[in-house]
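Quick note: residue numbers are just sequence positions, from 1. Predicted model only: the values in this text are computed from it and were never measured.
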Amino acid sequence: MDERTELRDFLRSRRARLRPEDVGLRDYGRMRRVAGLRREELARVAGVSIAHYTRLEQGRPESVSDDILDAVGTALRLDADELTYLHEIARPPRPCPAVTSPQAPPSLRYLLESFVLTPALALGRHTQLVGWNGLAVAVFGDFAALPEERRTLSHLLFTEPRLRELYGAGWEAAAREHVAHLRVLLGRFRGDAGLAAHLDGLLALSADFARLWAEHPVARARSRAHVLHHPAAGELTLYGERVSLPDAPACWGLDLFAAEPGSASERALRRLAGADIRWPRDRPAS
């Protein structure tokens with residue numbers, strides 16, 4: 001991942017989504033050679049010199065102050081996550097502790113198994129699945145059966161057909177949300193060679209990932225609802241929460257899923273929790 005290119009392409013993508021009238025400028029109807037705002041229009045709205053903005057968009061932010069970044073972010077109508085990302089990629093990366101083989105400590109594994117009606121996952125910095133409970137396996141499939149190098153949420157979403165089937169029509173939204181989360185990780189863990197390799201590998205492996213990555217979505221994973229089509233339990237509506245673990249460099253956070261109390265989805269989770277459910281592809285050969 002080239003950092004100068006990332007800064008340039010992110011800013012261009014945000015200029016392209018704005019029209020002059022969106023930022024209070026008149027559009028005189030002349031043929032426009034670029035999609036969205038021109039550089040000079042953006043600089044005028046931000047109240048910065050065209051030279052300052054041009055250096056920033058060229059990936060040369062060395063002399064750009066936080067005030068200028070804030071002004072550019074306001075002019076581009078960036079939301080809070082996007083503005084944070086702009087500040088992160090416009091600055092030298094902070095030291096990032098190396099993590100070669102992340103593992104969930106025993107205490108975290110015990111915590112995961114204590115969630116009886118909550119499918120629970122422990123995630124590494126590159127969305128690696130470093131821990132899970134039995135109900136997560138019953139809902140999403142047998143993670144242990146995956147090759148270790150592809151045991152990530154990213155690979156599940158973009159290379160495993162069963163996850164596409166599980167999400168059905170909601171796959172596109174889930175995939176876009178995941179790509180937006182990966183960009184948050186890229187800003188937070190800049191300089192992490194493993195994360196950069198993970199992203200480069202996905203770009204080479206999945207045309208869908210490359211398509212969504214080129215749109216430059218940036219958003220922290222927040223409360224969200226997933227409608228899943230489980231081969232044994234039927235339709236499940238699960239509400240997801242991602243919990244960060246800032247003091248655990250080898251294990252970035254937890255992904256927790258719950259059903260509405262008393263709902264058909266909760267009853268289905270209870271059945272899954274008490275049954276030896278195997279996904280079709282996980283059944284041993286006869």
(Q) Test side-chain contact (heavy atoms from CB on, under 4.5 Å) on Arg270 and Leu117; report intermediate values, then the result. (A) CA-CA 7 Å; Arg270 290 184 182 277; Leu117 282 182; 3.4 Å; yes

Do the side chain of [X] and the main chain of [Y] share a donor and acceptor less than 3.5 angstrom apart?
X      : Y      : result
Asn133 : Ala120 : yes
Arg151 : Leu146 : yes
Asp255 : Leu121 : no
Arg150 : Glu160 : no
Ser263 : Glu260 : yes
Arg77  : Thr74  : yes

I'd like to know if [X] pairs up with [Y] as an ion pair, taking the criterion as any Lys NZ or Arg NE/NH1/NH2 lying under 4.0 Å from an Asp or Glu carboxylate oxygen.
X      : Y      : answer
Glu82  : Arg183 : no
Arg176 : Glu172 : yes
Arg44  : Glu40  : no
Asp9   : Arg14  : no
Asp142 : Arg162 : no
Glu57  : Arg39  : yes
Asp22  : Arg15  : no
Glu88  : Arg190 : no
Glu41  : Arg38  : yes

For the residue pair [X] and [Y], confirm or rule out a side-chain donor-acceptor distance under 3.5 Å.
X      : Y      : answer
Thr237 : His226 : no
His52  : Ser49  : yes
Tyr85  : Glu6   : yes
Asp192 : His126 : yes
Arg125 : His198 : no
Thr152 : Gln128 : no

Q: Look at the rings of Trp171 and Phe158 and say which category their plane angle falls in: under 30° parallel, 30 to 60° tilted, over 60° perpendicular.
A: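 Taking Phe158 first and then Trp171, their aromatic rings stand perpendicular (interplane angle over 60°).
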
Q: Anything under 30° is parallel, anything over 60° is perpendicular, the rest tilted; go ahead and classify Phe209 against Trp213.
A: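 Parallel, since the angle between the ring planes stays under 30°.
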
Q) Tell me, do Leu135 and Phe257 make a side-chain contact under 4.5 Å, heavy atoms counted? A) no

Please report the closest heavy-atom contact between [X] and [Y], naming both atoms and the distance.
X      : Y      : value
Ala221 : Arg242 : CB-NH1, 3.4 Å
Arg91  : Pro61  : NH1-O, 3.8 Å
Leu42  : Ala75  : CD2-CB, 3.7 Å
Leu182 : Ser154 : CD1-OG, 3.7 Å
Leu269 : Ala259 : CD1-CB, 3.8 Å
Ala268 : Leu236 : CB-CD2, 3.4 Å

Q) When Val179 is tested against each of Leu212, Leu157, Leu202 for side-chain contact (heavy atoms from CB on, under 4.5 Å), which residue passes? A) Leu212

Q | Partners passing ring pair (Phe, Tyr, Trp, His ring centres under 6.0 Å) against Phe115 (at least two apart in sequence or in another chain) | A |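 Expected list: none.
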
